Amino acid sequence: MADNSKKSGTHSGASKIWGGRFAGGPADIMQKINASIGFDRRLYAQDIAASKAHAAMLAKTGIISDDDGKAIEKGLGAIADEIENGEFDFKQELEDIHMNIESRLGELIGDAAGRLHTARSRNDQVATDFRLWVREALVDLDAALKGLQAALIDRAQEHAGTAMPGFTHLQSAQPVTLGHHLLAYVEMLGRDRGRAADCLIRLNESPLGAAALAGTSFPIDRAMTASALGFNRPMANSLDAVSDRDFALEFLSLAAILGVHLSRLAEEIVLWCSSPFAYAQMPDGFSTGSSIMPQKRNPDAAELVRAKAGGLIGALSALMVVMKGLPLAYGKDMQEDKVPVFESADTLALCIAAMTGMVAEASFDADRMKADAGKGYATATDLADWLVREKDLPFREAHHVTGALVKLAEEKTVSLEQLSLEDMQSVSPEITESVFGVLSVEDALKSRDSFGGTAPGRVLEAVAEARKRFLD
C-alpha cells in the first residue's frame, strides 16, 4: 500500500487545546492552516491586558480565589517581559497568541493558570484583543495625520501668494495659489481624522464576558472589565459581541479612503516633478536614480504611495467578502480579519511618514508656476465676471463674448491681456480700458476673495483657522 502520509499530513498527539473530545491531534497541514500565531502574536500586549482585567474581575466576584488572581497577574507580567525581551517561544501547535500565553502561564504558575479561562471563550477574548489593538492603531493614525497636516499647513503659509495653474480635466482653468492647493489636502485629511474618531467611538465597547456566544452562567461583572480596559461600556448582545467585525471593516474603509487621498497627492507630486511641469523637486532622500540613465531623478516615494492605495482598497474588499455570508455567531473565517487590518495599519504608517517628509522638504519653482498660471487663457472667467459686474451683461451673454475674445486671441497668438482695446471692442463695443485691471494672474488671484477662495489674504486666514481646527 502506498504511503499517503505526505499527502494527508501526519498526525500529532492529542490536542492540548481541545481536551478530551479528540483522541488524535490535527494533521500537519491542518495545524498549518489553522494556526494564526504567525500574525496574531501582535496582539500579545492586548491579550495580556485583557487577561489581567478578567482575572481581577474573577477574583473580586469570588469566582476564583484572591491567591489565584494574584498568581495569574504576576505570571502574565512575567510573560509580557519575556515577549518584549525576545525570550518567548511562540509555538505553532498552540495555534494562536491566546493559547501560547495560557500555556506558558501554566508552566510558570501551575494549576492556577487553568482558572483564567473561566467565564470566557477565545471568541470574546480575540474580539476584545482586536478591538484594543485597532483602538491603539486609530490613536497612532490620528497623530500621524496631524503631523502631515502640520507639514501641509506650514508649506501653505509659506506659499500663500505663490501663483500656480488651477486645473480641471488636467487643463489650465483658473489661477490659484500653491498654498490654497495644499490646504485642500489638509481638509481631506481632516475628514479622514474625523472618520477615525467616529470609528473609535463605535468600537469602544467591550466584548469580554460574552463568552462563546451566549454569555455565561458565572456571576461576572462585565462593567468592571470594560472600565479596566478603557471601554465605554460592555457590548449589549453576546452574539453580536463575538461575531461582528464592523469595527475592522470601518477601519479598513477609512484606510481605503485615506489611501485614495494620499494617492491623489502623490500623483500630483509625480506630475509636478515631471519635466513638462517642473513645478517641484523632491530632495535626494525621497528620490531615486536610474540604473542606465544618469540624468534621471525619479519621485519613487510618491509613486509607491500612489501604488499602495491599491492594497488598502483590496484589504477592505477582502474582509467584506469574508464577512458577507457568515451566519451568527463565530466562524473560523474571522481569523482572516487580522492580516488585512495589520497590513493596512503598517502601510498607512509608512505612507504618511513618507508623504510628510516629501511635503516638508519639497522645493517649488515659483517662477515656473506663475508663468504657467496665465497660460491657456486662465483669466477668461475674470473677463466674463467683469462684463457682468461692470456692464450688467447676463452671465451667459458675457460668457459668449469672452469666448469670442479667446478665439480672437488664439488667432492672434497672444494672451487676453495682450489684445488691444480696439480688438476687444470689435467683439463688444462696451468694453473699456478698465478691463485690463482684471486680466493679470495677480488680479485674478486677488479677486477670488470669497470664503474658501484662493486670494492670498483668504489663504492666510485659512491657514490660521486650520491651525486652530486641526493642530491646537
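Since the model is a prediction, treat every value here as computed from it, not as a measurement.
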CA sep, side-chain torsions, deciding dist, call: Phe436, Met424, side chain to side chain contact (heavy atoms under 4.5 Å, CB included): CA-CA 11 Å; Phe436 294 101; Met424 291 190 176; 3.9 Å; yes

Phe364 and His159: aromatic ring centres closer than 6.0 Å? yes

Pairs satisfying salt bridge (Lys or Arg N to Asp or Glu O under 4.0 Å), at least one member in residues 367-380, at least two apart: Arg368-Asp372, Lys370-Glu442, Asp372-Lys375

Taking the six-membered ring of Phe470, is NZ or CZ of Lys146 closer than 6.0 Å to its centre and within 45° of its axis? no

State, with a plain yes or no, whether a side-chain heavy atom of Ile101 is found less than 4.5 Å away from one of Ile97. yes

Using a distance-only test with no angle check, is there a side-chain donor-acceptor pair under 3.5 angstrom linking Arg467 and Gln157? yes

Run the side chain to side chain contact (heavy atoms under 4.5 Å, CB included) test on Leu405 and Asp423 for me, step by step, so that the C-alpha distance in whole Å, both residues' side-chain angles and the decisive distance to 0.1 Å come before the verdict. CA-CA 8 Å; Leu405 288 169; Asp423 288 334; over 6 Å; no

With a 4.5 Å limit on heavy-atom distance, are the side chains of Thr379 and Pro175 in contact? yes

Counting heavy atoms not belonging to Leu328, are there more than 12 under 6.0 Å from its CG? yes

Do Thr381 and Gln174 meet the criterion of a side-chain donor-acceptor pair at a distance under 3.5 Å? yes

Taking the side chain as every heavy atom from C-beta outward, state whether Leu152 and Leu183 have any atom pair closer than 4.5 Å. no

More than 12 heavy atoms of other residues, nucleotides or ligands under 6.0 Å from NZ of Lys446: yes or no? no

Donor on one side chain, acceptor on other, Arg233 and Ser227, under 3.5 Å: no

Evaluate whether atom CG of Asn85 has more than 12 neighbouring non-hydrogen atoms of other residues, nucleotides or ligands under 6.0 angstrom away. yes

Quick test of your reading of the model: are Arg202 and Asp246 salt-bridged, counting only N-O distances below 4.0 Å? no

Step by step, work out the side chain to side chain contact (heavy atoms under 4.5 Å, CB included) result for Leu419 and Val414. CA-CA 7 Å; Leu419 287 173; Val414 297; 3.9 Å; yes

I'd like to know whether Asp192 forms a salt bridge (Lys or Arg N to Asp or Glu O under 4.0 Å) with Arg195, so could you lay out the CA-CA distance, the side-chain angles of the two residues, the decisive distance to 0.1 Å, and finally the verdict. CA-CA 5 Å; Asp192 292 324; Arg195 277 181 277 271; 2.9 Å; yes

For Lys324, does the NZ atom have more than 12 heavy-atom neighbours from other residues, nucleotides or ligands under 6.0 Å away? no

Can you see whether Glu268 engages Tyr185 through a side-chain donor-acceptor pair at a distance of less than 3.5 angstrom? yes

With salt bridge (Lys or Arg N to Asp or Glu O under 4.0 Å) as the criterion, how do Glu95 and Arg122 come out once you've worked through the C-alpha distance, each side chain's angles and the decisive distance to 0.1 Å? CA-CA 12 Å; Glu95 292 189 10; Arg122 281 192 294 175; 3.0 Å; yes

Arg131 vs Ser206, side chain to side chain contact (heavy atoms under 4.5 Å, CB included): CA-CA, chis, key distance, verdict: CA-CA 8 Å; Arg131 282 175 181 262; Ser206 175; over 6 Å; no

Heavy-atom side-chain contact between Ile269 and Val305 under 4.5 Å: no

In terms of heavy-atom contacts, does NZ of Lys308 have more than 12 from other residues, nucleotides or ligands at under 6.0 Å? no

Looking at Arg306 and Glu267, is any side-chain nitrogen of the basic one under 4.0 Å from a carboxylate oxygen of the acidic one? yes

Could you check whether Asp40 pairs with Lys338 (Lys NZ or Arg NE/NH1/NH2 to Asp/Glu carboxylate O, under 4.0 Å)? no

Given side chains that start at C-beta, do those of Leu252 and Val341 come closer than 4.5 Å, heavy atoms only? yes

For the residue pair Tyr279 and Trp272, does the interplanar ring angle fall in the parallel (under 30°), tilted (30 to 60°) or perpendicular (over 60°) class? tilted

Is there a salt bridge (Lys or Arg N to Asp or Glu O under 4.0 Å) between Arg458 and Glu461? Walk through the geometry before answering. CA-CA 5 Å; Arg458 283 291 191 181; Glu461 289 177 3; 3.2 Å; yes

Side chain to side chain donor-acceptor pair (under 3.5 Å) assessment of Asn232 paired with Glu205: CA-CA 6 Å; Asn232 293 333; Glu205 297 182 349; over 6 Å; no

Intermediate values then yes/no, salt bridge (Lys or Arg N to Asp or Glu O under 4.0 Å), Arg155 and Glu158: CA-CA 5 Å; Arg155 300 312 302 270; Glu158 178 185 350; 2.8 Å; yes

Are side-chain heavy atoms of Gln46 and Phe130 found at a separation under 4.5 Å? no

Centres of the Phe88 and Tyr44 rings: under 6.0 Å? no

Within a strict 4.5 Å, meaning less than it, do heavy atoms of the Leu132 and Phe231 side chains meet? yes

Under 3.5 Å, is there a donor-acceptor pair linking the side chains of Ser428 and Glu430? yes

